[in-house]
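Here the structure is laid out as structure tokens; the discussion comes afterwards.
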Amino acid sequence: MSEGPAPGGATVLNGREIARAVRESIAQRVAAIRRRGGAVRLDAILAAPEDSAAALYAQSQGRACAEVGIDYRLHRLDAGATFDDLAGRVLLLNSDESVTGVMAHLPLPEGVDAYRVQRLIAPEKDVEGVNPANIGNIVYGRSSLAPCTAVAAVAMIETAGQDLRGRVCVVVGASNIVGKPIAVLLMRQDATVVSTNKFTPALPSLTRRADVLVSAAGVPGLITADMVKPGAVVVDVGTTRVTDHAGATRTVGDVAFDEVSRVAGWISPVPGGVGPVTVAMLLRNAVDAAERRGVC
Ligand code: NAD
């Protein structure tokens, strides 16, 4: 499932390939649900301008759903929508039996607290795994819908074929939906996990001990070769849009890819790493949610 050696020697963890394999199995599951007379339906709420990154993402999500047979419905709300508007729509979708998955695209309009909206999404339809009940269940190791990016990061590590028991895993970044869930999922595999954030002193002295290093900080170039243990698995969750001197924009990760790939054993690129796997995991959560609700 990897792309072979990077120029510097590390094996590249190819997110597009991993995602393709996940999507193939999802398509088969959706087809089986349809044969039993059921359907997988994902309803997404978007309250962002037409030309925003969120709107573009929603479009590509719709295409990804269509490819595997998931019925994707986008609910466009005005960019000035209030909490009550969003809450009303979520509650409507929660109570609609034909809807098996619900999500709200971020960012929400200014002044609307994402947490308050996410906690309203019925946990069993929460395909992004952002409802506090689902976040809590990953601590308990209960079968649950987990945050897609966290699951994707762990899937990348598993692709590297690592047995995580006892291994030192350092997670850079500790947000509620990305860094913290990644740390918890690794803890569940009996790894020795160090969670770090922007206040962590002497970060390189910690990362250099990592058998597995996951960076989810959103700081381009944060992880340099001298911060990486030789042979380590390095997974880059960061995605930042940058503009170069010529005015061209591109997406970069947290890891200085070329230099780190000379030291690491495995490395995930940006783009083409965690991103595509995250989308695949969203589709997988959508199918899990439908199967658990017994729509088929
Ligand atoms: P966030 O801003 O909510 O959290 C960032 C975390 O990184 C915080 O805990 C902060 O303390 C830490 N941090 C910041 N600078 C640091 C530094 N210099 N050293 C150590 N820690 C530092 O961001 P988020 O929502 O968790 O997203 C993190 C990154 O992951 C972003 O680049 C985001 O775009 C990306 N992301 C990618 C995907 C994907 O599918 N690939 C999905 C979600 C988020």
Side-chain angles (χ1 to χ4, degrees), residues 12-16 18-19 22-23 44 48 52-54 56-58 60-61 64 103-108 113-115 118 127-130 135 138 145-157 159 169-186 193-210 213-224 226-228 234-243 249-257 260 267-285:
V12 176
L13 296 165
N14 185 332
R16 293 193 180 104
I18 297 167
V22 175
R23 281 200 309 269
S52 62
L56 285 177
Y57 178 58
S60 74
Q61 204 172 55
M103 60 168 287
H105 280 283
L106 299 182
L108 297 180
D113 180 358
Y115 174 83
Q118 289 164 340
V127 291
E128 287 193 302
V130 291
I135 301 272
I138 66 168
L145 299 168
C148 310
T149 306
V151 178
V154 174
M156 305 292 285
I157 298 164
T159 302
C169 299
V170 174
V171 183
V172 181
S175 68
N176 292 331
I177 304 300
V178 185
K180 279 183 203 160
I182 292 172
V184 172
L185 292 175
L186 295 172
V193 181
V194 180
S195 167
T196 69
N197 58 62
K198 63 184 167 193
F199 303 108
T200 301
L203 183 65
S205 67
L206 296 170
T207 58
R208 272 197 288 271
R209 295 190 53 198
L213 174 58
V214 182
S215 190
V219 180
L222 177 67
I223 306 298
T224 48
D226 59 317
M227 295 170 72
V228 175
V234 178
V235 172
D236 192 353
V237 182
T239 49
T240 308
R241 293 291 291 170
V242 294
T243 306
T249 57
R250 63 196 172 100
T251 302
V252 297
D254 292 350
V255 176
F257 184 85
V260 170
I267 188 166
S268 75
V270 177
V274 176
V277 184
T278 297
V279 177
M281 293 306 172
L282 174 79
L283 304 178
R284 195 172 79 178
N285 275 354

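Because the structure is a prediction, the values reported are computed rather than measured. All ligand and atom numbering here is 1-based and tracks the order in the structure. Quick note: residue numbers are just sequence positions, from 1. Worth knowing before you read on, the calculation uses all heavy atoms, side chains too, and leaves out hydrogens, waters and symmetry mates.
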Query raised in the report: Is there at least one protein heavy-atom neighbour under 4.0 Å from atom 26 (O) of ligand 1?
Result: yes
Does [X] approach ligand 1 within less than 4.0 angstrom via side chain, backbone, both or neither, non-hydrogen atoms only?
{"X": "V219", "result": "side chain"}
{"X": "D254", "result": "neither"}
{"X": "V178", "result": "side chain"}

Query - 4.0 Å heavy-atom contact, G179 with ligand 1 - result: no
Query raised in the report: Hey, is T200 one of the residues with a heavy atom under 4.0 angstrom from ligand 1?
Result: no
Is there a nitrogen or oxygen of [X] sitting under 3.5 Å from a nitrogen or oxygen of ligand 1?
{"X": "A174", "value": "yes"}
{"X": "T196", "value": "no"}
{"X": "K198", "value": "yes"}

Report summary line: Check: of L106, V237, D236, I223, min heavy-atom distance to atom 36 (N) of ligand 1 comes from V237
Report task. List the closest protein heavy-atom neighbour of atom 43 (C) of ligand 1: residue, atom name, distance to the nearest 0.1 Å. Result -> T149 OG1, 3.7 Å
Query raised in the report: What residue and atom, counting heavy atoms only, is the protein's closest point to atom 24 (P) of ligand 1, and at what distance?
Result: S175 OG, 3.7 Å
**Report entry** Rounded distance (nearest 0.5 Å) linking atom NZ of K180 with atom CD1 of I138
**Finding:** 11.0 Å
Requested in this report: Using a strict 4.0 Å cut-off to heavy atoms of T278, name the atoms of ligand 1 that fall inside it.
Outcome: 39 (C), 40 (O)
